[in-house]
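In listed order, ligands and their atoms are each counted from 1.
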Amino acid sequence: MEKRLRVVEIRSEMPAGRDVEAFVVPWFDDAPSTGEWWEEAAGQWLERRGDAGEAAAWVRLGATDTPDVFVARLSAGERPAAESCRRAAGAGVRAARERGLTSVGFRMPDGADAGMWQASAEGLELGDWRYDGLRETKGRTAPPETRLLHAAEAVSADARAAVRRGRILAEAQNATRELVTLPGNTVTPRYLAETAARLGREHGFSTRVRGRDELEADGFGALLAVSQGSVEEPCFIEMEHEGGGGAPYVVVGKGVTFDAGGISLKPASGMEDMKYDMAGAAAVLGILTAAARLELPERVIGLVPATENLPSGTAVKPGDVVRGLSGKSIEVINTDAEGRLILSDALTYAQRLEPAAIIDMATLTGACVIALGHHAVAVLTASDGLADELSAAGAVTGERTWPLPLWKEYRAQLDSDIADIKNIGGRGGGTITGGWFLREFVADDVRWAHLDIAGTAWSEKAHGWQPKGATGVGVRLVHEWLRACGSG
Ligand code: BES
Ligand code: ZN
Ligand code: ZN
């Protein structure tokens with residue numbers, strides 16, 4: 001497929017003639033007039049709309065030598081949050097693409113700080129992304145080739161650096177989205193490993209992949225148990241961005257490339273969605289890619305246990321007791337609670353790396369979707385301040401997080417009659433017992449948080465910078481958190 005040239009260019013003078021086909025303006029109702037040509041059009045629209053809640057619309061000026069204007073209306077309370085810029089830029093570029101336009105400009109709010117520049121660049125990259133690689137050419141729509149960020153003032157070096165950072169992060173997030181979108185017959189554990197190796201070669205991080213033989217020799221018994229119902233070989237992918245060295249920040253991602261539930265088979269309806277059960281893994285690949293491209297000073301290690309979860313005559317059965325890398329015995333009550341099994345091996349391995357902190361990301365529980373819907377990542381942690389750090393990062397990146405408790409009373413739900421722990425905890429508090437299961441494999445003095453992204457890794461509808469489908473959640477969130485760790 002032909003790769004189009006896609007540019008985010010920065011200009012410090014406003015477009016008057018048709019140097020772009022569409023011009024996106026974030027509009028705050030209480031903003032003072034700047035006297036620019038597009039204000040008349042935006043004002044006409046607002047007069048027609050009054051206070052009625054329409055958030056965005058195309059308006060046209062009479063003159064033919066001016067671009068179409070897309071007004072993205074923001075409530076005054078949102079200013080000057082970076083997320084409002086990201087959302088306006090994303091909605092604008094998405095709308096431009098739907099019109100078949102090939103160039104679009106975004107009017108930066110006056111006095112924008114570096115965070116707003118970064119966010120606007122991210123919005124332009126994220127908003128028009130979609131995957132058309134499996135369609136005939138005629139069914140595809142192309143993204144605008146040129147995206148411009150316009151400011152009425154001189155653009156500082158800080159702003160330019162922020163735009164570059166935003167582009168790199170958004171491109172990494174789009175690569176994550178692509179992996180999550182691709183079907184399970186393409187994205188196998190091997191495909192994830194090959195993709196990690198390719199990204200590592202292209203962007204400069206190292207990879208090491210353990211296949212079945214090595215997993216057996218090293219004792220990754222929980223990962224192997226999940227994989228034993230499938231003919232696809234499981235693997236454990238380790239990626240490293242060295243940075244300036246020191247204790248590594250370890251990111252772990254659930255890489256179940258298809259989750260049929262195993263012997264505890266899922267219902268047929270909606271099962272196709274379970275191709276996205278590797279969204280945590282895909283986010284880890286995106287995080288390493290961006291870490292390398294941005295030459296982050298922190299040392300970052302990515303770990304991905306990868307497998308399918310299928311039923312067959314060789315599959316692990318309910319009631320089986322398995323022993324993983326930690327040495328703990330696990331009674332597998334429900335083979336559909338497989339994510340926590342493979343993560344238990346990965347978390348055990350992560351601690352051998354003497355990490356500064358471990359963040360795991362997983363589409364772990366349907367209960368997370370029940371609890372928080374599609375608007376927040378569930379955070380489970382017993383480490384002081386970590387939930388707040390992640391929440392602060394999410395407020396910057398527009399990926400909201402919300403904590404759930406790991407009180408000790410919940411632990412009893414995982415007591416097994418014959419093993420150290422069982423893999424499900426009954427009906428109540430499913431996301432919490434999932435988190436508690438993982439916590440059992442993490443020493444108390446290790447900084448660790450589990451992010452359940454079951455509700456946020458896939459979006460049923462488009463909004464702001466998010467097209468329908470894979471979201472790529474976690475990539476920018478973890479980077480923003482890392483940045484705060486580095487400066488704090
Ligand atoms: N991959 C699923 C969780 C999931 C459900 C992710 C819906 C995204 C959307 C996970 O492996 C799973 O099946 N969990 C079970 C756990 C249960 C058996 C304790 C679940 O949530 O039903
Ligand atoms: Zn499952
Ligand atoms: Zn799963």
Side-chain angles (χ1 to χ4, degrees), residues 180-181 184 187 189 192 222-223 225-230 232 234 252-283 304-311 315-320 330-346 360-378 380 404 410 413-416 421-438 440 450-460 469-471 473-474:
V180 175
T181 305
V187 180
L192 278 182
L223 172 56
V226 172
S227 75
Q228 76 194 34
S230 165
E232 290 290 343
V252 180
K254 172 179 175 183
V256 174
T257 59
F258 188 74
D259 181 13
I263 297 294
S264 313
L265 192 63
K266 287 183 182 293
S269 167
M271 198 201 272
E272 69 278 10
D273 290 348
M274 282 300 111
K275 69 173 184 180
Y276 86 79
D277 212 18
M278 35 58 73
V304 169
T307 178
E308 291 186 326
N309 185 30
L310 300 183
V316 69
K317 303 175 294 297
D320 286 359
I330 306 166
E331 186 184 10
V332 180
I333 301 292
N334 188 317
T335 64
D336 198 10
E338 83 298 341
R340 61 198 72 184
L341 296 175
I342 69 172
L343 288 172
S344 72
D345 277 352
D360 80 69
M361 286 170 290
T363 44
L364 204 74
T365 63
C368 178
V369 191
I370 305 298
L372 296 173
H374 302 285
H375 303 291
V377 173
L380 293 107
L404 291 175
Y410 292 99
Q413 289 175 241
L414 296 172
D415 288 345
S416 162
I421 193 167
K422 60 183 186 183
N423 79 329
I424 63 167
R427 281 182 57 79
T431 303
I432 296 171
T433 51
W436 244 116
F437 183 92
L438 300 178
E440 278 298 313
H450 159 59
L451 308 184
D452 195 330
I453 56 171
T456 46
W458 194 267
S459 180
E460 289 300 330
T471 63
V473 70

Closest to atom 12 (C) of ligand 1 among Ile370, Asn309, Asp336 (heavy-atom distance): Asp336

From Lys422 atom NZ to Thr433 atom OG1, the distance as rounded to the nearest 0.5 Å: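 Answer for the NZ-OG1 pair, Lys422 versus Thr433, is 10.0 Å.
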
Atom pair CG (Asp277) and OG1 (Thr257), whose distance is rounded to the nearest 0.5 Å: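 So the CG of Asp277 and the OG1 of Thr257 are separated by 9.0 Å.
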
Backbone N or O of [Y] within a donor-acceptor pair of the [X] side chain at under 3.5 Å?
| X | Y | result |
| --- | --- | --- |
| His374 | Thr456 | no |
| Asp452 | Ala378 | no |
| Ser264 | Thr335 | yes |

Heavy-atom closest contact (Val316 atom, Ile263 atom, distance): O-CG1, 3.4 Å

Nearest heavy-atom neighbours spanning Ala470 and Thr181: CB-OG1, 3.5 Å

N/O/S atom name from Asp259 that is nearest to the position of the Zn ion (ligand 2):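 The Asp259 atom nearest to the Zn ion (ligand 2), restricting to N, O or S, is OD2.
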
Quick one: does [X] get an N or O within less than 3.5 Å of an N or O on ligand 1?
| X | answer |
| --- | --- |
| Val369 | no |
| Lys254 | yes |
| Tyr276 | no |

Atoms of ligand 1, numbered as shown, that sit under 4.0 Å from any heavy atom of [X]:
| X | result |
| --- | --- |
| Thr365 | 3 (C), 21 (O) |
| Glu338 | 11 (O) |
| Lys266 | 2 (C), 12 (C), 13 (O) |

Contact flag Asp277/the Zn ion (ligand 2), N/O/S atoms, threshold under 2.8 Å: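 Here the distance criterion (N, O or S atom, under 2.8 Å) is not met by Asp277, so no.
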
Trace of the ring pair (Phe, Tyr, Trp, His ring centres under 6.0 Å) decision for Trp458 with Tyr276: CA-CA 8 Å; Trp458 194 267; Tyr276 86 79; 5.5 Å; yes

Using a 4.0 Å heavy-atom threshold (strictly under), name the region of [X] that reaches ligand 1: side chain, backbone, both or neither.
| X | answer |
| --- | --- |
| Arg427 | neither |
| Asn334 | side chain |
| Leu364 | backbone |

Apex the Zn ion (ligand 3) - arms NZ from Lys254 and OE2 from Glu338 - angle rounded to 10°: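 The two atoms subtend 90° at the Zn ion (ligand 3).
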
Within-cutoff protein neighbour (heavy atom, under 4.0 Å) for atom 22 (O) of ligand 1: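 So far as the 4.0 Å threshold goes, atom 22 (O) of ligand 1 is out of reach of every protein heavy atom.
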
